[in-house]
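Order of listing sets the numbers, starting from 1, for every ligand and every atom in it. Side chains are part of it too, since the values below use all heavy atoms of this structure and drop only hydrogens, waters and symmetry mates. Residue numbers run from 1 in the order of the sequence given.
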Amino acid sequence: MLHFDNKIFFATNNINKIQEAQGILSNFGIVIEKIDVKKVEIQSDVLEEIVLYALKKVNKRIIPIIIEDSGLFIEKLNGFPGPYSSYVYKKIGCDGILKLLEGEKERGAKFVSIVGFKKDKLIKIFKGEIVGKIAYKKMGRHGFGFDPIFIPGNIEKTFAQMNLEEKNLWSHRGRAFKALGEWLQSSIKNF
Ligand code: ITT
């Protein structure tokens with residue numbers, strides 16, 4: 001059995017991640033608090049490795065804690081930008097990705113989220129994934145990052161055309177945090 005009150009710290013600089021995670025975890029009675037700790041991010045092609053390393057290095061006094069790493073993997077670009085999504089977004093943004101896929105009909109892509117939870121010596125990893133495609137142009141104003149160009153599943157609507165609740169139903173992050181919430185619910189005492 002896991003013991004703690006209902007608060008978890010989330011080490012991220014991305015306020016959108018906090019809002020999306022809170023949208024899911026409030027269904028499980030959990031409150032998220034953003035915390036600015038230095039996150040050690042190794043360079044790796046594997047999101048799980050990045051999260052595990054960062055969790056191991058995080059300040060031991062801050063518990064329980066979550067770290068999340070996510071990325072957009074585009075089939076035609078052999079999985080690029082993947083773990084480098086944050087850097088690539090800052091450098092070339094949605095327009096840069098649209099340019100790389102100009103004239104391309106195969107636009108398959110997926111978003112992946114790896115959520116790592118740590119309390120004392122216990123570490124758990126949860127994965128969420130959504131397969132979809134890259135739109136031909138930017139659409140919508142909600143969300144962040146690559147949301148205006150990512151269409152989940154077979155609908156004709158980008159993440160940026162959805163409100164937070166709708167995006168959470170589809171998204172990689174929504175799925176990973178739901179898995180965390182379900183696990184916490186079944187493992188926690190004093191909850
Ligand atoms: P932290 O590392 O501080 O948590 P970050 O934004 O840098 O924040 P990541 O390292 O996980 O987070 O980078 C993932 C990038 O992938 C993110 O900056 C976006 O550009 C993109 N991304 C991830 N999830 C996304 C989503 O739900 N919608 C749109 N873009 C997303």
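Nearest protein heavy-atom contact of atom 2 (O) of ligand 1 is K39 NZ, 2.8 Å. Here the heavy atom of the protein found nearest to atom 6 (O) of ligand 1 is N14 ND2, 3.0 Å. Scanning the protein heavy atoms around atom 4 (O) of ligand 1, the nearest turns out to be T12 OG1, 2.6 Å. Of the protein's non-hydrogen atoms, N13 N, 2.8 Å is the one closest to atom 3 (O) of ligand 1. With hydrogens left out, the protein atom closest to atom 16 (O) of ligand 1 is S85 CB, 3.2 Å, a heavy atom. The shortest contact between atom 9 (P) of ligand 1 and any protein heavy atom is with K17 NZ, 3.5 Å.
Compare S86, G145, G82 by their heavy atoms: the one nearest to atom 17 (C) of ligand 1 is in S86. Which of F10, Y89, F144, F146 comes nearest to atom 25 (C) of ligand 1 through a heavy atom is settled by distance: it is F144.
Put simply, the residue from F28, F177, F126 that forms a ring pair (Phe, Tyr, Trp, His ring centres under 6.0 Å) with W183 is F126. The ring pair (Phe, Tyr, Trp, His ring centres under 6.0 Å) test with Y89 is passed by exactly one of Y84, F144, F146: F146. Each of F150, W170, F73 was checked for a ring pair (Phe, Tyr, Trp, His ring centres under 6.0 Å) with F111, and the lone residue meeting it is F150.
With respect to E106 and K133, no salt bridge is recorded, no charged nitrogen being found less than 4.0 Å from a carboxylate O. Ion pairing between E165 and K167 fails under the 4.0 Å rule for side-chain N and carboxylate O.
Where the criterion is an N or O separation shorter than 3.5 Å, residue side chain and backbone included, S70 meets it with respect to ligand 1.
At a 4.0 Å cut-off, at least one heavy atom of D69 sits close enough to ligand 1 to count as contact. Heavy atoms of H172 approach ligand 1 to within less than 4.0 angstrom.
Residues R173 and S70 bring a donor and an acceptor atom of their side chains to less than 3.5 Å of each other.
Listed by atom number, the atoms of ligand 1 under 4.0 Å from R173 heavy atoms are 23 (C), 24 (N), 25 (C), 26 (C), 27 (O). Residue-ligand proximity, K167 to ligand 1, at heavy-atom distances under 4.0 Å covers atoms 26 (C), 27 (O), 28 (N). The ligand atoms of ligand 1 that sit less than 4.0 angstrom from a heavy atom of F111 are 22 (N), 23 (C), 24 (N), 25 (C), 26 (C), 28 (N), 29 (C), 30 (N), 31 (C). Each of the following atoms of ligand 1 lies closer than 4.0 Å to a heavy atom of D147: 26 (C), 27 (O), 28 (N), 29 (C).
Side-chain contact between D147 and H142 is absent, with no heavy atoms from C-beta onward closer than 4.5 Å. The shortest distance between side-chain heavy atoms of I123 and K56 falls below 4.5 Å.
Residues passing the side-chain hydrogen bond (donor to acceptor under 3.5 Å, both in side chains) test with Q43: none are found, sequence neighbours excluded.
Judged by distance alone, the side chain of S85 and the main-chain N or O of L72 form a donor-acceptor pair under 3.5 Å.
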